[in-house]
Amino acid sequence: MSKTSVRSEPRQEWEKLQSAARFLKERVPQPPKIGLVMGSGLSAALGTLEDEVSVPWGEIPHFPQPTVAGHAGELTFGVLEGKPLVVQRGRVHYYEGRSMGEIVFPVRLMKLLGVKIVVLTNAAGAINDSFNVGDFVLITDHINTIPESPLRGPNLDELGPRFPNLNDAYSPHLRALAHEAAQEVGLTLREGVYIATPGPMYETPAEIQAYKRWGADLVGMSTVPEVIAARHCGLEVLGISCVTNYAAGIRPEARPTHEEVLEVTKQREKDLAKLIRALLPRLQA
Ligand code: HPA
């Protein structure tokens, strides 16, 4: 590959983002200030937004196309609790074979649309055995074992610095607001460190023991690349995990299955929606 083509890579990525942003700006009545990325199975209870406009992923130039069967794949714009939002239902994952560029495209696009705060939700396995299945856990920090960074390669200078730091990547201020919101609706939030694995296989019990010693409380296969890209471009981040199972070996019976993950997210999505509705009025975006 010639030097010129290496240099043109970030330009192309930037142009793709800009063309997607232009497309959406023409269709969306009010620019969103807050982005919600809802893990699969966690979004239905949010209900309809005021002045809702939904755009199928397939219509947005360069937006990654969903691969998981049964995923609607829409970006929804509108107002909830007085706040202009964009809701991304579902996401694309590293284990699907997606490039990092595709995985972080939606979060970067949110930045270009005017979003200031992104709330990312996911399903996770509990490594910390004081957590209960069904708990919501605020992510305080992460450990990344996904073998690629979304920032690898020439820097997209338009978005952020070459060497961003990840101190306080998960905003302590937003976490404090989330605790207040939880209290208002009678929920208790836990806190913990999330470790991202490439998947799609669940971990071995030995891996989970190693991750526990590293200081991880939760394990999952998403979110971290999006958080890295969000912090790179200066978005404030709140990460909320729904504990769907104990990670492999944490309990004698702990053998994670996709079915139990889906079942628990289905049971907990109403409470997550309650929490998010209580949080929104507190956000100064
Ligand atoms: N491991 C990895 N990802 C997950 C898990 C798990 O136990 N539960 C939900 N997502």
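Start at 1 and go down the list; that is how both ligands and their atoms are numbered.
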Review point. Considering only heavy atoms, which protein residues lie less than 4.0 Å from any atom of ligand 1?
Key: A123, A124, G125, Y202, E203, V219, G220, M221, T244, N245, P256, V261

Exercise for review: Using the test side-chain contact (heavy atoms from CB on, under 4.5 Å), find all partners of A181 that sit at least two apart in sequence or belong to another chain.
Suggested key: L275, A278, L279, R282

**Study point:** Test item: T244 and E260 side chains (from C-beta on) under 4.5 Å apart, heavy atoms
**Key:** no

Check your understanding: By salt bridge (charged side-chain N to carboxylate O under 4.0 Å, His left out), which residues pair with K33, not counting sequence neighbours?
Key -> none

**Study point:** Close side-chain approach of M221 to P198, heavy-atom, < 4.5 Å
**Key:** no

Exercise for review: Using the rule that two of Ile, Leu, Val, Met, Phe, Trp, Tyr join whenever any of their side-chain heavy atoms come within less than 4.5 Å, decide whether I103 and L112 are in one cluster.
Suggested key: yes

Exercise for review: Could you pull out all residues at least two apart from Y170 that satisfy ring pair (Phe, Tyr, Trp, His ring centres under 6.0 Å)?
Suggested key: H142

